[in-house]
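Computation of the quantities below employed the complete heavy-atom set of this structure, encompassing side-chain atoms and omitting hydrogens, waters and symmetry-equivalent molecules. Each chain gets a letter, A, B and so on, in the order the sequences are listed, and its residues count up from 1.
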2 protein chains.
Amino acid sequence: MTLAIQNGDTAFRPTGGPFSMNELSSSRFPHSDSVVFNFATGEEVVGEGDPADHFYMVVKGMFRAVKVTRDGRRQIFAFYLPGDMCGLEPGARYDLTIEAVNAGSMAALSRVACRARMNRDPVFNSAVFEGATRALALAVDHMTMVGRSSAEERLAWFLTMLRDRSSAPGRHPPVVELVMQRQDIADYLGLTIETVSRTFTHMKERGLIALPTTRRVEILKPEHLERLAAADRDAPVWDRTSYA
Amino acid sequence: MTLAIQNGDTAFRPTGGPFSMNELSSSRFPHSDSVVFNFATGEEVVGEGDPADHFYMVVKGMFRAVKVTRDGRRQIFAFYLPGDMCGLEPGARYDLTIEAVNAGSMAALSRVACRARMNRDPVFNSAVFEGATRALALAVDHMTMVGRSSAEERLAWFLTMLRDRSSAPGRHPPVVELVMQRQDIADYLGLTIETVSRTFTHMKERGLIALPTTRRVEILKPEHLERLAAADRDAPVWDRTSYA
DNA sequence: CGTGATTTTGAGAAGTATCAAGAGGAGTGG
DNA sequence: CCACTCCTCTTGATACTTCTCAAAATCACG
């Protein structure tokens with residue numbers, strides 16, 4: 001893992017969006033205390049069980065929170081985009097592995113420094129707490145989805161979420177860049193890779209989406225997709241912040 | 001909802017067990033600030049969206065954290081036993097509904113009083129934080145289970161959890177009292193009630209368990225059940241504390 | 001232009017849901 | 001104490017979704 005000291009206020013490109021966690025972005029979280037690390041595709045940021053001594057904020061790229069079980073089953077709990085914080089858990093050790101989905105970088109802030117900052121900066125403090133809260137709320141939604149929805153509903157939910165979180169909300173038709181590969185989507189949604197692929201195909205055939213390339217989705221019928229996504233939920237709040 | 005002012009240190013019967021959250025039990029959490037409320041079967045403690053002004057600790061009986069979606073799908077996120085805390089979420093409103101599974105009672109402590117206490121009692125403070133942390137860890141496990149396990153593995157996991165959390169760990173064969181009904185189990189595990197019932201029958205036929213009554217399970221082959229339960233996980237830590 | 005990884009497609013099997021009916025239990029009133 | 005009723009739980013038959021295994025197609029990259 002390469003290291004780069006961040007100089008002042010540059011380097012941060014918060015993606016914007018209706019998320020109060022953005023209060024933490026650019027100007028607030030990364031300041032002279034923080035250090036930016038670069039990661040190659042697949043590289044590990046923190047491993048499950050590592051001592052939890054830092055908080056992280058995504059600067060660039062996409063990251064994932066993963067747990068792999070003894071017998072190889074794999075579950076992804078969150079994808080992090082620029083501006084998202086992770087490593088928020090108050091415990092002594094990380095609970096999940098955080099890996100780079102593609103090449104990217106993270107700002108790391110030591111917990112000690114963070115604690116100090118929380119004490120002297122009420123906005124920062126409440127934002128971090130709110131982040132933890134919403135991680136729980138998101139887990140609730142995620143679990144309901146995994147436990148109770150069909151493959152098509154799950155994928156619709158996923159695409160809707162990515163669209164809402166992505167930094168280019170104005171385009172028509174809305175375009176979602178799938179940075180992660182199919183296996184990651186499957187492990188996030190509790191499906192197999194084949195089912196994910198078939199569901200993409202099915203949505204394409206029904207005219208809901210177009211797939212100009214494997215990793216790019218054009219949402220042709222956003223309302224339809226949203227209806228599918230929200231079939232079993234109400235007013236989901238997409239959370240840019242999670243924990244790990 | 002009936003009200004009873006608690007007098008001093010009586011009334012609490014922590015069930016014991018290997019859970020550090022018990023540091024909060026009897027002597028710590030409920031003290032002169034707290035008030036005990038009684039609840040009838042099915043009665044609501046807090047509803048989703050209510051202002052989150054209190055923390056709660058189960059004194060007697062069993063409670064559940066529920067979310068029901070627009071179209072009637074229902075997901076249960078936790079069952080709370082005596083000594084468990086809920087309502088821990090830092091946000092302004094409760095995220096889930098908490099209901100009494102059977103007749104029971106809860107000690108309520110206002111958040112204001114709790115905050116004050118957290119400031120002057122470091123043990124209490126860290127215990128509450130640890131509780132929130134483990135709620136997240138439990139959600140991770142729960143989600144992996146719901147997303148990746150078979151019906152039999154889920155039920156084995158559930159029974160193992162209840163046995164570990166129950167207050168009578170010494171009996172042979174281990175006996176689990178199912179206070180909740182089948183629908184609750186189904187909604188906790190992401191299954192249908194019929195599948196839960198069939199899986200019970202199947203386990204009975206295989207000699208893993210006995211069902212002297214509908215709501216009482218004797219675990220005849222604990223090791224076998226544990227093997228099933230842990231098939232896709234490692235060393236689960238059963239958590240007496242969750243959030244809502 | 002190969003070569004390996006990723007994704008898609010296909011066929012069949014397995015597991016769970018659904019719909020429907022029956023059995024068991026608890027409470028009530030005669 | 002026994003019927004009656006309601007509710008929960010179990011069982012059965014079938015349909016459907018998703019998984020599994022296998023192979024083909026596409027993509028990424030040297």
Notebook entry, point to check: Between the two end axes of the helix from dC1(C)-dG30(D) to dG30(C)-dC1(D), each built from 5 base pairs, what angle do you get to the nearest 10°?
Noted result: 40°

Check: Which one of Asp187(A), Leu191(A), Thr201(A) satisfies the side chain to side chain contact (heavy atoms under 4.5 Å, CB included) criterion with Val196(A)?
Finding: Leu191(A)

Next item on the list: Verify the ring-centre separation between Phe158(B) and Tyr188(B): is it less than 6.0 angstrom?
Entry: yes

Next item on the list: Report the nucleotide, chosen from dC19(D), dA13(D), dT10(D), that has the shortest atom-to-atom distance to any side-chain atom of Arg198(B).
Entry: dA13(D)

Check: Taking all non-hydrogen atoms of both residues, which atom of Cys86(B) and which atom of Met106(B) are closest, and how far apart?
Finding: SG-CE, 3.6 Å

[atom1] of [X] versus [atom2] of [N]: gap in Å, rounded?
X: Leu211(A); N: dT26(D); atom1: CG; atom2: P; result: 14 Å
X: Asn102(A); N: dA28(D); atom1: CG; atom2: C1'; result: 15 Å
X: Met180(B); N: dT8(D); atom1: CE; atom2: P; result: 15 Å
X: Ile193(B); N: dT11(D); atom1: CD1; atom2: P; result: 13 Å
X: Arg73(A); N: dT18(D); atom1: CZ; atom2: P; result: 18 Å
X: Glu194(A); N: dT6(C); atom1: CD; atom2: C1'; result: 12 Å
X: Leu191(A); N: dT17(D); atom1: CG; atom2: C1'; result: 11 Å
X: Leu189(A); N: dC19(D); atom1: CG; atom2: P; result: 11 Å

Check whether any side-chain N or O of [X] sits under 4.0 Å from OP1 or OP2 of [N], and answer yes or no.
X: Thr192(A); N: dC19(D); result: yes
X: Arg182(A); N: dT8(C); result: yes
X: Arg215(B); N: dC9(D); result: yes
X: Thr195(A); N: dT18(D); result: no

Note to self: What contact category does Thr213(A) fall into here, base, sugar-phosphate, or nothing, at under 4.0 angstrom with non-hydrogen atoms?
What the structure shows: nothing

Note to self: Categorize Thr214(A) for me: base, sugar-phosphate, or nothing, with a 4.0 angstrom heavy-atom threshold over every strand shown.
What the structure shows: sugar-phosphate

Check: Mind checking whether Phe39(B) and Phe63(B) have parallel, tilted or perpendicular rings, split at 30° and 60°?
Finding: perpendicular

Margin query: Within a 6.0 Å radius of atom CZ on Arg216(A), are there more than 12 heavy atoms belonging to other residues, nucleotides or ligands?
Written below: no

Checklist line | Residue whose nearest DNA chain D nucleotide is more 5′ - Glu152(A) or Thr201(B) | finding: Thr201(B)

Item checked: side chain to side chain contact (heavy atoms under 4.5 Å, CB included) between Thr97(A) and Val45(A), worked out -> CA-CA 8 Å; Thr97(A) 300; Val45(A) 180; over 6 Å; no

Notebook entry, point to check: Is Glu153(B) salt-bridged to Arg227(B), cutoff N-O under 4.0 Å?
Noted result: no

Item checked: Position toward the 5' end of DNA chain C (nearest nucleotide), Val196(B) or Gln181(A) -> Gln181(A)

